[in-house]
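Below is one structure, written out as structure tokens, with a few remarks after it.
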Amino acid sequence: MTPADLVWLFDVDGTLLHTEGAGREAMVRALHEAHGIADDLTAIPFAGRTDRLIIDDISARHGLGLDEVTRPAFHDRVVRHMAAIMTEPRGGLLPGVTDVLAAVAAEPAWVSALLTGNESRMARIKLEAFGVWTRFAWGAYSEEGDDRNAIARVAVQRAADLHGVRAERCIVVGDTEHDIACARFAGARVVAVTTGGRTREQLAVHAPDLLLDDLSDPAPLLRWARAL
């Protein structure tokens, strides 16, 4: 065990970075390759949701019958297409992310980890594309739970097992109402940012512990965390 005082659980898409729809495009390509179906998937919501649930929606929409046995093969195709799309990185890190990660790393008793609806290979492709994959000690991913709430429970339990940190000493940082909800479900604190398309008003009604426009000025976030 590596003792810590705070564990930061960062969402990926819309919080740390954007890929200009690369994840959706990877699923579009996989769907066409595997099943000959042309669908831009704009009718399926992606933001704040897990890869598993998104693929289940695609399956239901087109009657594919993907299940625990056949879903992994489809997702393997998605990952392969994602890696190809991101060979020349699309998008970038969001403002202030590098500084926030550096500030957290500079605190000896703080740990940076991931809490994301991405499957682990998808998260790695995105984060490696912009040079920040190694900034995170560990993660909790789509393959570890049926939905985001279950993944959040995995994350806070991992924080306890690896660092002796209670749920209320975990900070989820995310950009949608789903991030706020899963933090509450798991007993963690939550910081919401408006960099993923949700407005301040849309996020405020879900009562995050801290609401920021973005991470471009890390000072308010760090002051809040140090005061906990």
Side-chain angles (χ1 to χ4, degrees), residues 6-24 45-51 53-54 82 86 89-105 110-120 122-142 147-149 151-152 154-156 159 170-186 188-200 202-204 206-222 224-225:
L6 287 178
V7 171
W8 295 76
L9 299 170
F10 289 95
D11 172 54
V12 176
D13 297 290
T15 301
L16 296 176
L17 54 80
H18 64 92
T19 60
E20 298 177 354
R24 189 184 298 270
F46 275 55
R49 303 182 69 230
T50 68
D51 285 356
L53 291 177
I54 292 166
M82 187 66 179
M86 293 299 287
R90 177 191 298 185
L93 295 177
L94 288 162
V97 165
T98 300
D99 290 340
V100 167
L101 295 179
V104 173
W110 290 2
V111 172
S112 286
L114 296 169
L115 168 53
T116 175
N118 283 268
E119 191 259 4
S120 55
M122 293 286 278
R124 181 166 188 162
I125 289 167
K126 295 173 184 180
L127 293 164
E128 280 190 334
F130 305 115
V132 293
W133 169 252
T134 57
R135 294 293 192 100
F136 303 95
W138 49 268
Y141 306 98
S142 177
D147 58 23
R148 207 172 185 93
N149 287 354
I151 299 167
V154 169
V156 298
C170 295
I171 302 171
V172 175
V173 184
D175 64 290
T176 73
E177 65 278 8
H178 303 294
D179 299 292
I180 300 170
C182 79
R184 296 297 183 224
F185 182 82
R189 300 176 192 269
V190 59
V191 175
V193 291
T194 66
T195 45
R198 303 296 197 266
T199 66
R200 286 187 70 90
Q202 287 172 322
L203 293 172
H206 298 280
D209 295 296
L210 181 66
L211 177 56
L212 300 170
D213 289 332
D214 55 35
L215 299 175
S216 59
D217 179 7
L221 175 63
L222 298 175
W224 172 82

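If you read the sequence from its start, that first residue is 1, and numbering goes on from there.
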Looking only at heavy atoms, what is the nearest atom pair of [X] and [Y], with distance?
X      : Y      : result
Ala225 : Ile171 : CB-CD1, 4.3 Å
Pro208 : Leu203 : CD-O, 3.4 Å
Gly14  : Val193 : O-CG2, 4.5 Å
Asp51  : Ser142 : N-OG, 3.6 Å
Arg198 : Ala47  : NH1-CB, 3.9 Å
Arg148 : Cys182 : O-CB, 3.7 Å

- Message: Ring-plane angle category for Trp8 and Trp110, please: parallel below 30°, perpendicular beyond 60°, tilted otherwise.
- Response: tilted
At what distance, to the nearest 0.5 angstrom, does [atom1] of [X] lie from [atom2] of [Y]?
X      : Y      : atom1 : atom2 : result
Leu114 : Ile151 : CG    : CD1   : 12.0 Å
Thr194 : Leu212 : OG1   : CG    : 8.5 Å
Ile125 : Met86  : CD1   : CE    : 8.5 Å
His178 : Asn149 : NE2   : CG    : 10.5 Å

- Of all residues at least two apart in sequence or in a different chain, which pass the salt bridge (charged side-chain N to carboxylate O under 4.0 Å, His left out) check with Asp217? none
- All salt bridge (charged side-chain N to carboxylate O under 4.0 Å, His left out) counterparts of Arg184, not counting sequence neighbours: Asp209
- Can you list every pair that meets side-chain hydrogen bond (donor to acceptor under 3.5 Å, both in side chains) and has a residue in residues 12-21, with sequence neighbours left out? Asp11-Thr15, Asp13-Asn118, Asp13-Lys126, Thr15-Asp175
For [X], side chain to side chain donor-acceptor pair (under 3.5 Å) partners two or more places apart:
X      : result
Asp213 : Arg200
Arg90  : Glu25
Asp214 : Ser216
Ser120 : Glu143

Applying side-chain contact (heavy atoms from CB on, under 4.5 Å), can you list everything that pairs with [X], at least two apart in sequence or on another chain?
X      : value
Ala188 : Val156, Cys170, Val172, Ala183
Pro45  : Arg49
His206 : Glu177, Ile180

Without placing hydrogens or testing angles, list every side-chain donor-acceptor pair under 3.5 Å for residues 127-138, not counting sequence neighbours.
from, atom 1, to, atom 2, distance (Å)
Glu128, OE2, Arg124, NE, 2.8
Glu128, OE2, Arg124, NH2, 3.2
Trp138, NE1, His163, NE2, 2.9

- Could you list all the salt bridge (Lys or Arg N to Asp or Glu O under 4.0 Å) pairs where at least one residue sits in residues 91-100, not counting sequence neighbours? none
- Message: Can you tell me which residue among Val173, Val100, Leu101 is in a side chain to side chain contact (heavy atoms under 4.5 Å, CB included) with Ser112?
- Response: Leu101
